[in-house]
Amino acid sequence: MAPASPVAAAAPWVLHVDLDQFLAAVEILRHPELAGVPLIVGGRGDPTERAVVSTASYEAREFGVRSGMPLKVAVRRCPQAVLLPVDFPVYEEASARVMEVLRGMPGAVVEVLGWDEAFVGVTTDDPVAFAQSIRSAVLEATDLHCSVGIGDTKVRAKIATDFGKPRGVFVLTRDNWFEVMGDRPTIALWGVGSKISQRLAAHGYRTVRDLAQADDATLVAEFGPSMGPHYGRLGRGVSSATVDDTPWVARAHGREMTYQTNLVDPDEIATAVRTLAAQVVEDIRREGRPCQRVFLKVRFAPFFTTNRVRKLGEPTFDAEVIATTALELLAALQDERPIRLLGVRAEMVPPEGGYVDPRTTGRGGPSARAAGTGGGTEAQDPTSPHVTEAQAPASPE
DNA sequence: TCTGGGGTCCTAGGACCC
DNA sequence: TCTGGGGTCCTAGGACCC
């Protein structure tokens, strides 16, 4: 398994593999007659319900349908679209097959980011050819098309993929970063959303180039000593280049539910919270780690969302304790408005030895490693990036 | 137009202890 | 009598991503 002596010209690369219109593509595999028609996957497939689009096929996107859009709106924009309910197990299975293909690529280290995307670290002198071989292998094994972004950091690889879509490959490195990204708004960066982009704009930083040249002291004053410099680095495309295949371990499990009619009756609310707590306990029992903190999420009508948390005296698997805690948190809000959504989340006791899996910007917030001073996994611009393959433990398969 | 469900991480500030 | 820093734990709230 040990590779032969490295080729002198070979360099480490980060590839980002992203499946094209994943949910829609999986549905087309089992409903071939839907190929080429506008297709929307979301909720329970009922456009009258409170739900959003999970994936729209490219044909549906031509009508302005986007993921995250309310189904009602999507159907208004594209009345002829075929609407399908989300079918989690089927996508899980397809996703697992894709990830297996990636892990089978010679020399690849695979860090899964979600159902339909992963980073692949590889040392090669021809990353484009490697990317094309990934596309071919995935297509052959699963009948699914994907796009591949190639970068010298994770942020650049991740962003590159969008330029490769669909069914393509795009290379984004420090050599063409500003040419490609410099004039784009900061919100185009992975990890910068609407709020941060607005706060940046308030300081005059509107484009990626503005942010790249931003005054560090200003960023620190606005976002803190950790996040401030982190955003500056994002503007330069600088981030970790380490691909780590350590399996992800959940920190918490939660269940939430949007009610088709708002809840007002206290008994009804208590029952709803208990139902959610019972489902959460099923999930954390599967993990084998008890709940140490209970989070309550509430969305009051018309649209106000808030969260509360409480640490438990003793970690527990007891659904009634979790439900009671959540109801106490709800009562403490002293808010009588009708409830649209309830969520109960259980943060689990960490596993023995703590969490060792990677935390990337794509899952959750900004990476603790990338933002922190320790770790040293952040590539220094403009020094060369590197992919640490040796530090990854044996793939568990 | 009317906004799901599953996650993770960061910052600020108070309480408390040494 | 008035006062220091540092550390840890906890809650509240904000933000981002798929």
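Naming: A, B, ... by sequence-line order, numbering from 1 per chain.
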Rounded to the Å, how far apart are [X] [atom1] and [N] [atom2]?
X	N	atom1	atom2	result
A/R286	B/dG6	CZ	P	13 Å
A/Y91	B/dG6	OH	C1'	16 Å
A/L71	B/dC2	CG	C1'	12 Å
A/Q260	B/dT3	CD	P	9 Å
A/F295	B/dG7	CZ	C1'	11 Å
A/R345	B/dG7	CZ	C1'	6 Å
A/M227	C/dG13	CE	C1'	15 Å
A/R299	C/dG13	CZ	P	17 Å

Please table the atom pairs, donor to acceptor, closer than 3.5 Å between any side-chain atom in residues 35-51 of chain A and protein atoms at least two apart or in another chain.
unit_1 : atom_1 : unit_2 : atom_2 : d
A/R44  : NE     : A/E49  : OE1    : 2.9
A/R44  : NH2    : A/E49  : OE1    : 3.2
A/R44  : NH2    : A/E49  : OE2    : 3.1
A/D46  : OD1    : A/T48  : N      : 2.8
A/D46  : OD1    : A/T48  : OG1    : 2.7
A/D46  : OD2    : A/T48  : OG1    : 3.3
A/R50  : NH1    : A/Y259 : O      : 2.7
A/R50  : NH1    : A/N262 : OD1    : 2.8
A/R50  : NH2    : A/N262 : OD1    : 3.3

Counting just side-chain N and O atoms, does [X] come under 4.0 Å of either OP1 or OP2 of [N]?
X	N	value
A/K72	B/dT3	yes
A/S67	C/dC18	no
A/R76	B/dC2	yes
A/W190	C/dC18	yes
A/R340	B/dG4	yes
A/R50	B/dG5	no
A/K158	C/dC18	yes
A/H253	B/dG6	no

Quick one: label [X] by what it contacts on the DNA or RNA (base, sugar-phosphate, nothing), any heavy atom closer than 4.0 Å.
X	answer
A/V53	nothing
A/V52	base
A/G43	nothing
A/L329	nothing
A/M257	sugar-phosphate

(request) Evaluate the ring planes of A/F170 and A/F163, with Trp represented by its six-membered ring, and classify them as parallel (under 30°), tilted (30 to 60°) or perpendicular (over 60°). (result) tilted
(request) Could you walk me through whether A/F88 and A/W115 pass the ring-ring contact (aromatic ring centres under 6.0 Å, His included) test, one step at a time? (result) CA-CA 10 Å; A/F88 293 90; A/W115 267 356; 5.6 Å; yes
(message) Apply side chain to side chain contact (heavy atoms under 4.5 Å, CB included) to residues A/W177 and A/V155 and explain how you reach the verdict.
(response) CA-CA 11 Å; A/W177 172 256; A/V155 163; 4.3 Å; yes
(request) Answer yes when A/K154 and A/D244 have at least one side-chain N-carboxylate O distance shorter than 4.0 Å, and no when they do not. (result) no
(message) What I want to find out is whether A/R103 reaches A/D245 closely enough, with some N-O distance under 4.0 Å, to be called a salt bridge.
(response) no
(request) Report yes if the ring of A/F303 lies under 5.5 Å from the six-membered base ring of B/dT3 with planes under 30°, and no otherwise. (result) yes
(request) Would you kindly compare A/T258 and A/V73 by the position of their nearest DNA chain B nucleotide and give the one closer to the 5′ end? (result) A/V73
